[in-house]
Amino acid sequence: MTLAPETPPSVKEERRTVLPASLPRPVEPAGERRRSLTLTRATDTYALVGSAGGAIGLTALLFVWLLPFNGVVGFVLSAYVLFLALYALVVSFDEDGPTVRDRIAGVVVRSLGLVMVAALAYVVVFTLWEGRRALPHLNFFTQDMTLAGPLDPLSAGGILHAIVGTLEQITIALVLTVPAGLVCAVFLNEVPGRYARFVRTIVEAMTALPSIVAGLFIYATVILSLGTGKSGLAAALALSVMMLPIIIRASDVVIRLVPGTLREASYALGTSRWRTAWHVVLPTARSGLTTSVILGTARGVGETSPVLLTAGFTAEMEANPFEGAQVSLPLAAFEFVKSPEPAMIARGFGTAATLMALVLLLFVLARVIGGRAPGQLTRRQTHRRVLASRRDAERFAARAASPTAARAQTVPSDTSFRSSP
Amino acid sequence: MDSSRALYADPGLPDRIFRGVARGGGGLVLAVMLLVGGFLLYRAWPAIDRARWSFLTTEAWEPDAGNFGIAAVMVGTILIALVAIVVAVPLALCGALYISEYARPGIRATLISVVDLMAAVPSVVYGLWGLFFFEGAILPTARWIATYLGWFPPLGVVGVDPTDPLSTETVYTSSTFIAGIVVGFMVAPIICSVMREVFSQAPAGEREGAYALGATRWGMIRTVVLPFGKGGMIGGTMLGLGRALGETIAVYLIISPVFVIQWHVIQSGTSSVSSLIALRYGEASPFGMSALMAAGLALFVVTLIVNFAASSIAARSRSGAASDA
């Protein structure tokens, strides 16, 4: 601890370290005062706690005697409004106008931000909590609903058919959308021009397509016009129509973030366009592209309405996505809770909780793989780069040491940048 | 003497193939998108052709009797989306300001992850929460609003005496109000993550300038962060509005469909285009299907207008680059 400037000279003469706390309180010179650098003062806390207590007490009084309000929401709302008024009043005793406004804004922003996060967390926790009755039964994950009627207890029947359906449908959708989406995103950025701008406008327009309309489109074309029945394939097609613009748009944004200097450096080395795209642009954007694909998958997995029109509903296991109705997790949750039976509603919440867990898994995966800016490497990638660079250095050294061998040696084959023919 | 010459770079065969494949991929996507739009229009045309302008003004939905229109469902859709936006925007704005300006750096990354995760929560989960928890919790408040603010026509409830303590509360269930709030919670994280992205890009120099001039934290936000993020705020709100307009499952689970224009947002019974499609697609005759297509097309047109308005507003502002979905 350093000696504060206002320490009296007598202390310095003792020539040893003395903690200021153990000293007698020095006389402060006129005009100087020790300052605390912390932003919160004790009076702020008193004002906050006092106003909160006052507001709660006053609301309780009003609720019991005066206000025509009832219910928890009403209590919280009136307590909140009263708290704001009391807090503004208390702060205005000591502070000027801008500070009062700052305090009120700070309290409102903090509390509404907290309300948002808390409400959203509650939605998730509520689903998991309501799913607690169905989830502990192991048969919930290993059986389908063929032998379980609405009145059967939770120890019979399960959602294996929905899990299989979801996995198959999302796999088909990904097989269709990822290549098409990535090629289109590369096209938008690497072959710019009027045509690319037009395609980008259309893709942006299609992100506005309501998911139910995507389902309706597949229902009218594939199921009604072509005459195939409802199937997992139709559901996957509907999901693809919905996911394709989302994946293109997200990938487009990520590829646009690749620094132009990298591209120019590659062109300056004489590289062709497609090698630049393949060896520079895509590897640089890899983590972001993975994230956008995974987040698109999370959107697709949870989407009910396109599947509702196209997949049909069945209680049986249907492993073949090409024919026969095939249910998926969100659709199963939706159909289960339409039943008035408590066991079915518990199954619906269990299904929704399983779906949440799947989305959470995808999300964590996206965070682990992605979330890095273009060009930023993981530790393992950095390690690999260092090793490769060391190998190069050794090779160069060997070459410099034996000039005769170097002349015989051909151009190393592991460099990516060769000049175009 | 130098003569001018035409510049021409020979890209080589591999590059031509690359361009061809890329153009082909773009063309394929374009074809799929145009096919969706074109096919919707083609299949919807018989219904639009038969109904003509009454398609926009008729409230009933009886396509096989020739008496159908989107007046009721479109008004319901827009009212639900408006309630959702009224609920979601203050929450999202304060959430975004809290994360970007007030939260300690230690918890900021966690909060960002939580909000982004919430944006990916399936809509059926919000629907279940709304149906089994929220509807019951909000009823006394809905009743209070109808009783004391009922003099304002949209907040009134027809056919019930609010002063009668024994009157049923079922008249307040399944309303635009409840569906709108649930959809509002659903779109709030989407709006919030767009706004937060924009706020965090507000230039540090301008922030420090505001502080140096003696501004409080709120003064700095009001004069630097909010004006800088205006485009992103509008863009994010429009994006949320587009999602709210198209939402199906959460709305379908909560409302009880009626096919008259329901201005009373507190009162039970409303309708939306997407829930109409989900409700009627199975039993529709070929002509009924065409009518549903027309309704879907109308919804698509509305969300399209909202989206393009959002992107044009966002593109004109300083912060426009960050308003991506």
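Every chain is numbered from 1 and lettered A, B, ... according to where its sequence line falls, protein lines coming before strand lines.
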Taking side chain as everything from C-beta outward and backbone as N, CA, C, O, which of these in B:A120 sits under 4.5 Å from a heavy atom of chain A? Side chain, backbone, both or neither. both

Please classify the contact between B:I221 and chain A as side chain, backbone, both or neither, with a heavy-atom cut-off of under 4.5 Å. neither

Among the options A:I202, A:T304, A:D252, pick out the one with the most heavy-atom pairs lying under 4.5 Å from chain B. A:T304

Is there a donor-acceptor contact under 3.5 Å from the side chain of B:T303 to the main chain of A:A208? yes

With a sphere of 6.0 Å drawn around OH of B:Y42, does it hold more than 12 non-hydrogen atoms of other residues, nucleotides or ligands? no

Sorted by chain and residue number, the side-chain contact (heavy atoms from CB on, under 4.5 Å) partners of B:L117 (sequence neighbours excluded) come out as A:L360, A:F363

Can you tell me which of A:P210, A:A352, A:G302 forms the most heavy-atom pairs within a distance under 4.5 Å of chain B? A:P210

Side-chain donor or acceptor of A:D102 paired with backbone N/O of B:W218 under 3.5 Å: yes

Please look at B:N307 and chain A and tell me whether the side chain, the backbone, both or neither of the residue comes under 4.5 angstrom of a heavy atom of that chain. side chain

Are the side chains of A:E303 and B:I249 in contact, using a 4.5 Å heavy-atom criterion? no

Turns out that what part of B:F132 lies under 4.5 Å from chain A's heavy atoms comes down to both

Below 4.5 Å from any heavy atom of chain A, which atoms of B:M293 appear? Answer side chain, backbone, both or neither. both

Contact leader toward chain B among A:V123, A:V191, A:V199, where contacts are heavy-atom pairs under 4.5 Å: A:V123

By a 4.5 Å heavy-atom criterion (distance strictly below it), what part of B:V115 contacts chain A: side chain, backbone, both, or neither? side chain

For B:T248, is it the side chain, the backbone, both, or neither that has a heavy atom closer than 4.5 Å to a heavy atom of chain A? side chain

Does any backbone or side-chain atom of B:M289 lie under 4.5 Å from a heavy atom of chain A? Answer side chain, backbone, both or neither. side chain

Given the options A:T127, A:V359, A:L209, A:V117, which has more heavy-atom pairs under 4.5 Å with chain B than any of the others? A:L209

Which residues satisfy the side-chain hydrogen bond (donor to acceptor under 3.5 Å, both in side chains) test with A:S305, sequence neighbours excluded? A:S211

Relative to chain A, which of B:V29, B:V36, B:L30, B:L97 shows the most heavy atom pairs under 4.5 Å? B:V36

Side chain, backbone, both or neither: which part of B:F308 has a heavy atom under 4.5 Å from chain A? side chain

Please classify the contact of B:R222 with chain A as side chain, backbone, both or neither, using a heavy-atom distance under 4.5 Å. neither

Please identify, among B:W129, B:F185, B:Y98, B:Y126, the residue contributing the most non-hydrogen atom pairs under 4.5 Å to chain A. B:W129

With heavy-atom distances below 4.5 Å as the criterion, would you say the side chains of A:Y195 and B:R23 are in contact? yes

